[in-house]
Structure formats: C-alpha cells, structure tokens
Amino acid sequence: MDLLSNLSLGFQVALTPASLMYCFIGVFLGTLIGVLPGIGPLATIAMLLPITYGLAPVSALIMLAGIYYGAQYGGSTTSILVNLPGEASSVVTTLDGYQMARRGRAGPALATAALASFFAGTVATLILAAFAAPLTVVALEFGPAEYFALMVLGLVGAVALASGSLAKALAMIVLGLILGLVGTDINSGRARLSLGIPELLDGIGFVIIAMGAFGFAEIAFNLAKKEERSVVNEKVLGLMPTAKDLKDASGATLRGTALGSALGILPGGGALLASFAAYSFEKWVAKDRSTFGKGDIRGVAAPEAANNAGAQTSFVPMLTLGLPSNAVMALMIGAMMIHNIQPGPQVMSSNPQLFWGLIASMWIGNVMLVILNLPLIGIWVHLLRVPYRFLFPSIIVFCCIGVYSISNSTFDVMLCVVFAIIGWTMSQLKCEVAPMLLGFILGPMMEENFRRALVLSRGDFTTFVERPISVTLLALAAILTIVLAMPRMARLKEKVATDD
Amino acid sequence: MTTVFSRRTLLTAAALLPLARPAIGQTFPNRPIRFICPYPAGGIVDLVMRTHTDELAAELGQPIVIDIRTGASGLIGSQQLVQSAPDGHTWLMAALGNLVAPILTPSGFHPVESIQALSFVAHSVSAVVVRSDLPIANMRELAAQAKAQPGKLNYLRAGAGTFSHISMELLQRELGFQVTAVDYRGLPPGIIDMLAGRLDVAVLSTGLAKPHVMEGKLRALGTIGAVRSPDFPDVPTLTELGLSTANMDSWYIAMAPRGLPEPVLARVHAAYTKVLSMPSVQEKLRGVGTIPAAKLPSAAEVQAMLAREHAKFERLIREANIRAG
Amino acid sequence: MMAASIGNRTDFAAGCLFIAVGVSTAAAAYAYPFGTSMRMGPGYFPFLLGVLLAGLGLVLALTSLTFTAPRRHGPSVKPPLIAAAAIAAFVVLLGLLGRRGVTGIDIPIIVAVAIVWFASRELFWVLLSVVAFAIGLNHLGVFIALLLSIVIITRASSDISLRDLLAVSVVLLVLVKLAFATILDLNLPSWPRVPGFGGY
C-alpha cells in the first residue's frame, strides 16, 4: 500500500536521532511558551528562525512544527490553572477548565486536556497522511459565501459559550465584532475606528485583549475577594481523572476531534473556530446543560481535542498548495525558502522525505507531549498551593513581558490596560467575556468574506442561498437560533405570567 | 506640515550631536546596530535581511540586531527609524511599501527627505498571471478578453494601495481594459480562490507564482521589474512588451534617518559594497527569490532614485485616484 | 398604573453602556462611505453593527424594567460605571491628543487608570504596575522596570511583608532572566540606556 510505504519512509526520517532531538526541542519549547502567558508560537518561531538556517530543512521544519502544536498543549495549562488563555484556541478551555481547578480538580482537567489532545493529534495526523491531497479539493470548495455562512453559524453557536442572559451574550458578540473591525479596511485602505493611531492600523492583537480582559481583570477580582487567598479553596481531589471522568470525556473527545479535523482543513481561519465550535456542539448535544461553565469535564475535553486536531490538519493547505493558513505557517514557508525548497504542490513529490518525515514527526511529537505533560501535572497542581500573594505578581510580570514580546511594543502593553478596564467593567455587569473574544476573532473574517462574496456575485445577495454548502450552513444557523431562543421564550412567558 | 516635522527632526538631531560626536568618525560603530524590519518575521524582507547581516556585522565589528516592527504597510517601522538618533546605529530595510504608504497615509514624515539611503540591496520581480484554463496567452489577449466581456473578469488585490493594486491599475490604464478587484488580506489567501477558479488575474511575486505555474494551474504573461526573473527566464518584462509605464522596479534598500555624519555613511556604504559583492551573499539573495544589483549604485544615486520614484508614485496615485482614507 | 422602575440594575447599566457604545460606533461609521451592495464601503458593516449593539442594549435595558416595587438587592453598579467613564476618558483624550509620549498613549492611559482608583483599588494597583513596566522598559531596562512594577503590584495586597517582596522580586527576576533572556533569547532592552552608550 502506498500510504504504508510513505509512512515508513516518514518514520525512517523522523526516528533518526537528529529528528528526534529537534522534535523534542520543538515540543519542549512549545510547552514552555504555551505555559508562559502572552508569548505565543509566532514570536517564538520568528526568534528561532535564524537558528534553523544552520539545520537540515527536515530538522528545521520538525522543530518549528513541534513548537506550533506543542504550544496548543501548553496553552491549556494556564487557561485551567489561572484563567489565562495564551491563545485564541484556549479561550474556551478557561470556561470549564478554570472552574474545575477552583473546585480542586485541576489535575483531572489537565490530564483530560493532555489525553484528549493526544487522541485528537493521533487521529488528525493519520487523516493528514491518508487524505491530504483529496482534502485540498474540499478546501477549494469553500469560497467567500461559504466562509461567511460558516462564520454566521459559529457566531450563533457562540451564544452557547455564555451561561447567562441571551441578550447580554449577543451584545458581547457584537461588541467583539466591532472591536475586530478596528484598523485598516482592506477593501478601501481606509483606517476605521482607530482614533488616528498608526499602531492600530493593523487592528488590535488578540493576546492584548485576552491578557487584559482575562488576565489582569481576573487578578483584580481575586484580590478584591478578601477571604480567598489562593486559587483553590477546596482540597485538591486527586491528580488523575476517575473512570467516570474518562467515560464522560470520551464522547466529547471523539466529537471534538471530528469537528476540529474538519474545520482545520479550511485555510480561511477554520482552525480558529474549532475549539469554539466543539464546545458549543457539546453543550448542544448534552442532555443536561446546567453543568457547563461550572467545571464540566466535557467542556475541557471537546475544545482541547478540537484545537489540537485543527492544528494538525491546518497543515493541509501549506503542505499541498504551499499556501499558509495562518502566520505561523507563513513563517514555516519562510524557513523552507531559506533552504531553497520551493513550497507548493511539488513538495510531496520532489521532497518526499521532508513531507512524510514531517507528518511522522507530528505523531512522535504528540507522544512526547503526553509523556512530557502528564508528569508535569503534579508540579502544576502544587503551584496552585503557592499563596496567591506570591502568584499574582508573577502572572502580571509574565503577562507584561509576553505582550511586549509579540511585536516589541510598549504600546501593546499599555493597550492591555484599556482591555483590563473593559473586561473588569463587563464582568461587574455580569456580561461574559468569552463570546466577545469569539466575535473579535470572527469579525474581520466575516466582513471580508461577506463583501468578497458580494463583489464576486456583483451585488447579488442570492449567492448565499444558491450555493449548497452555504445554504446548508445558514439553515443550520437558523435552526440553532430557534432552538436557543425557544426555552428562553418559554421561561420569559412564565415569568410574565407570574409577574401579573 | 512635512517641513515643520523635518525641522523638528533636524533640531533633535542637532541636540543629540554633541553627545554623539566623540563616537563619530573614529569609533563608529561603538555599539550593536539595530536593524529594523518593517514587515513580518519570515517574510521576504526579513529573509533578505538575514542573507547578509552576519557578514555585515563581521565587517563592521559590531553585532546587528534585527528588530521586527511590523504594521501599517511598513509605516510603523519607518516611524521608528525617523524618530531614532542619526548616528548610524539604527537602520531599516525598506521595500516599496515604505515609499508608497506615507503617500496614502500621511504620517508626519517624508519617505525620502526624512531618511538617508545607505545602500541598494536587491531587486524583486513580480509576474502577471492568469488562470491557465482561460484562453489567454499574452497581455494583449488579456486586454481583449476583458474588453470582450466587460465586468466579467476578477483580479486578486491584497488591499487598496498595495503593489498588487497599483500595478494592476497601471496595467488597466495602459492597455485600456477593466477588471474587478476582489480584496484579500495578503496574496496567499487569494491564490486559493484563484486555484478554485473564482479569480482570473493576479500580480504575484515570482516566488508565489512559480509552483502554480509549474503545476500548470496558472500562466505567466509578463513580469514586472527592472530585469527578467531567474524563476521565469522565458517570460518577458512589461518593458520588453512595450508597456513601460506599467512596469515598476521593486527593490530592497537599506536606510538610516536623515542627518547621518558623512564618515559614518561612507563606512556603512563601503561595508555594504564589500558584502554584497561576495558570491555567497549573492547566492543567498537569489535563493530567497530576489536579484542582486548588477552594479551597486552610490548612496547619493539611490537617494536621487528614491526621490524620482516618490514623485512618480505621488503622480500615479493621484491620477489613478488610488486612495487610503 | 404603577410607574416603571429599574428591577435589575446591572442589566440596566449594561444595556445603557451597550447603547452608548453602539451609538458611538454607528456615528463614527456614518462618516465613512457606505458604497453599493456590490462594493460595500467601509462604513456599511460597522454602522450595521453599531445599530445592532444599540438595539440589543435597548432590549436589555427595557427588559430590566419591572412594574413591581423596586428591588434594592444586587451589587452596586457604581464601580463599573466609573470604570466605563475611565474608558470613555481614554477614548476622548486619545482623540484630542493624538499619538505622543513614550508609548504613544501615556497620558490617556494614566488618566484612565487614575479614574479607576475610584472604581476598584485592586484594579488600580494592578494597572499602575503594568503602566510602570510599559513606560519604564525602554529607558530603565527590563530588570529595573520589573522591580518597579513588582513594588507597585504588592501595594494591591495588604498581606505582603518586606521579606515577601524581596523574595518575590529575586525569584521573578531570575525566572525572567532564565525563561525570556536565556532560553527564548528575547530582544529585551536589559539595562538603563545612557545616550551615546546604547543599551541595545
């Protein structure tokens, strides 16, 4: 079989001592930067790029890829322990992961995240190996109209992220969409809502909002609660998940893996949606939704599986077309060009060792990550016992340096202050921040694709319902809206009746 | 407005001179050099910088630190440069965007008068490509097709005021045809829609175009640049096709803030001349898809060329009514 | 007929804030071209979103009204409203002053943080320490800026002794040196910069 011979070629490359070493360096650094708030794979890969010039191209790519998916593993750690999402993909993990930690279940949460990620990584790597080429065709089917419909579905699903009022969740999503529009409008080149500040012409960085609204605001909250002096009030209840945990998490992991793998293939930002979509979907299929947001293990397993699966399958467009689906992939393309490898459809045939070696190394890297992360859980849980008065200065310091490191800009650090105030204000008013972040991520993509679709259809709005994929997604969004609104309407009617 | 600012820059420069004087001439460079990259890490400008910074650092005897200051088509980096002391320890690697962005978004400095060119580094070449399933084999046929079915063809534009926009605007004016712009955040996401058949024409850097032309998915009609690209040796430049106004030279030029002491400029230019003549550096420059200059112009010649190009772009942008904001 | 009164004050306050942000966004977007349905202008989408946000805010504010006697329980809405005023002050000052100062937005941020003092002392100290780090970094270098910011942070919590402060500072500076400067080799200005002698 072709796949087997290709994979054996890949493992021959990936199992050489040099490959194993660079794979380990990559996943180790990835875990490290994932754990350090603010600093992400993009900044790290950018810094390491010069070092890779001296390496063989296979080693260089194996290491850079390791940093990328290693950071997805590490990113969940701070989300769970201190409510600090280091990356877009780990925002959702804060919802139930942090709540589990507060209830003394940080250990099972971290273990579930690691195991779900490992399972998802394994499956997605296999998908990548077996179907990379045919999947590219699927990716091409997704045009601007389809992306727009997908974003709409994603946003409607985002309502599920909030456990409070529907109107508030919707308003926070729209607020996020507006924040996402700050910067240069690509179609006209015009600066919008940027208050005349050149640093805002490229928009506000995700990490700036996340660090401000989650990190700094959360610290101020904890400090204000005089009686509580550490993150965990209750006794730490075991490090490993129980049999019941594993049973609860398995279905969520499977569904998360499937959603994440599918969305990751889409080069236009599908992977970003993965964790959000998986969480919403999980809440939707659950019989009892009341435990979500209060430390439900399914709310950790599904998004963690989805983001790791998405991280692996988002290599499809880069490997098969040479076209990056995010800034990290763009850097890896730069690394290939430095070595005189022309990224593109030819890589698979002209550099099979590189192509298959990289894929095989991804699976090895996932194994290493599980081995690396499971023993670390004990250390992390111990860290939570450190009195809060020692912990919070460290969080602030690391956040500050992390935010600065993104583009060596003290302006960004100052901007964090604004979002800390916004996040604090909204939380005081019982408005949840997570839906705002999803709106922020999807806002620009939604507008761009909407306008692009209309240019291509020459202003004809029926383009959104003429195309089968687009109309299906929009119909799903409509059904979801009705489902979401129904129980609340019933409740409202009841309330009005009793008020009279 | 610009004059006020450049006077202020000069004043700052004058104020800093007494402090910097002992260092100048005899001891330059006396500390690490900060080399600003105004575009994303791993992008073409970053790659061009890394082809020769080690060699330059060895030549000058001080480390060179690449400082990535991305944003607003190069504006953020340019701003950092013109605000730094003109003592030779802060440089920037400029591309066309650093010249054009301040025209579209006035930012309190002049893209030529506020800077001092240190050295020309390399040319870059772009290609005009169409989808290969269209019956278009050359530039004239492109114009004919577009005229025959007005409002039908779409082109890939990486946003208003970008190279992909200006070059296509000039092509349309010179050949008298019209294609519809579809905007993307950068070229790669647009290429996906082009491969999927939703877009018809694009101007792509040769590095991006090459793999898809080799696959037979896209067809190169002509190249935009001073010389033919080694990636497409058989494809003529627009000038060769008689379309000289639409042809633009795209380049990478090392710059410092205006007001550099003469000995410092001479020292840096000499170092650059030596380093860029090394076959190993030239090889690396070609490797990242750029073309080293056949003969390196003097710093004054580069400065004059920038002034001419700036005037030209100002006029073209006004005439074609290209605007941002 | 009974007069309407505010039943849920947090919802009412949130609704009013959303209306304010929505209306300002729509007003700002109104200045940009709207374009046609084929080629939408830069104003179309933000205007729509601004109106939508204001509408959602209105729904929220209206549903918070009740026709029964006012309920006086629930948290005070004064602190979040003061914090919202701080954000408004930031936006207005930034519009008036433009980009200036060490980080470009020093004055508006400092004013906003000063206003936050009246909303929450804890948030104030946390933010002041971030500001100290941002403004200090380029001139004082990372270590002194961090020390300054650690000293400020610890003001937020009353139960930190001088010994704790020293311990935290030493451990953090060593960790920062190891993680950021040694392993990740970040491009951080480390020590105070003296003109002519650099520090880059």
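Numbered from 1 within each chain, the chains take letters A, B, ... in sequence-line order. These numbers come from a predicted model, not from an experiment.
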More than 12 heavy atoms of other groups within 6.0 Å of R39(C) CZ: yes
Which of D412(A), I197(A), D460(A) touches chain C most, by non-hydrogen pairs under 4.5 Å: I197(A)
Largest heavy-atom contact set with chain A, pairs under 4.5 Å, which of V142(C), V131(C), V59(C): V131(C)
Top contributor to chain A interface from L52(C), L56(C), V21(C) [non-hydrogen pairs under 4.5 Å]: L56(C)
Pairwise distance CD1(I401(A)) to CG(L172(C)) - rounded to 0.5 angstrom: 8.5 Å
Chain C interface, residue from I421(A), I422(A), L170(A) that has the most non-hydrogen pairs under 4.5 Å: I421(A)
Given V116(C), L94(C), V92(C), L93(C), the one that forms side chain to side chain contact (heavy atoms under 4.5 Å, CB included) with V111(C): L93(C)
Side chain / backbone / both / neither for I109(C) at chain A, heavy atoms under 4.5 Å: side chain
Option in R458(A), R192(A), Q428(A) with maximal non-hydrogen atom pairs under 4.5 Å from chain C: R192(A)
Winner by heavy-atom pair count (cut-off under 4.5 Å) against chain C, out of A420(A), C416(A), A217(A), G459(A): G459(A)
Heavy-atom pairs under 4.5 Å with chain A, option from I150(C), T25(C), L165(C) with the top count: T25(C)
Side chain / backbone / both / neither for I396(A) at chain C, heavy atoms under 4.5 Å: side chain
cation_pi(R121(C), W117(C)) dist<6.0 Å, angle<=45: yes
Distance, nearest 0.5 Å, that separates CD of E447(A) from CG of L49(C): 8.0 Å
Ring-ring centroid check F118(C) F124(C), cutoff 6.0 Å: no
Region of L193(A) that comes under 4.5 Å of a non-hydrogen atom in chain C: both
Segment of F461(A) engaging chain C (4.5 angstrom heavy-atom cut-off): side chain
Top of W424(A), F411(A), F450(A) for chain C proximity - count of heavy-atom pairs under 4.5 angstrom: W424(A)
Greatest number of heavy atom pairs closer than 4.5 Å to chain C - which of V403(A), I173(A), V397(A): V397(A)
Interchain contact, C431(A) with chain C, by part (heavy-atom threshold 4.5 Å): side chain
Test: K430(A) and D11(C) ion pair at under 4.0 Å: no
